[in-house]
Amino acid sequence: MLDCVSNLDVCKASCCKQVTFVVQGDEDMENYWVLHGFTVVKKDDKNYYITVPSKCEVLGEDNKCTLFGKPERPEVCGGLDFGNTDGYII
């Protein structure tokens, strides 16, 4: 399980505040996403990484998960890369 508490100074709970999708597109689609409020994080030949603000409803004001250490916390939350500041990538 990822030790989120010890790594909050690095990640600032970014995976709990935004989600990043990997999608295929072109410059026209990139423009569309930007015009609709998405952030294009990075891209390679055909893949774009777009970030959507999406704060977890159980994230506390101190950036700590209120479900940390409880069985209700989704398993995926324990396997995220704390160095990833782009949010959780799906």
note = Rounding to 0.5 Å, atoms OG1 (Thr39) and CH2 (Trp33) come to a distance of 12.5 Å
query = Quick one: does Arg73's side chain get under 4.5 Å of Phe68's, heavy atoms only?
reply = yes
inquiry  = Starting from Leu35 and following side-chain heavy-atom contacts under 4.5 Å between hydrophobic residues (I, L, V, M, F, W, Y), which residues can be reached?
reply    = none
key: Asn63 CG to Cys56 SG distance, which is reported to the nearest 0.5 Å   = 11.5 Å
inquiry  = Does any part of the side chain of Cys65, heavy atoms only, come nearer than 4.5 Å to the side chain of Val58, both counted from C-beta?
reply    = yes
ask   = Taking side chain as C-beta onward, heavy atoms only, is Val23 less than 4.5 Å from Ile50?
value = yes
request  = Find out if a path of hydrophobic residues (ILVMFWY) with successive side-chain heavy-atom gaps under 4.5 Å connects Val40 to Val19.
outcome  = yes
task = Verify side chain to side chain contact (heavy atoms under 4.5 Å, CB included) between Val52 and Phe21, making sure each step is shown before the conclusion.
result = CA-CA 8 Å; Val52 181; Phe21 295 91; 3.9 Å; yes
inquiry  = Does anything in residues 16-30 form a salt bridge (Lys or Arg N to Asp or Glu O under 4.0 Å)? List the pairs, not counting sequence neighbours.
reply    = Glu30-Lys43
key: Partner residues of Asn31 under the side-chain hydrogen bond (donor to acceptor under 3.5 Å, both in side chains) criterion, sequence neighbours left out   = none
note = One should read off an interatomic distance between Glu57 CD and Thr66 OG1, to the nearest 0.5 angstrom, of 9.0 Å
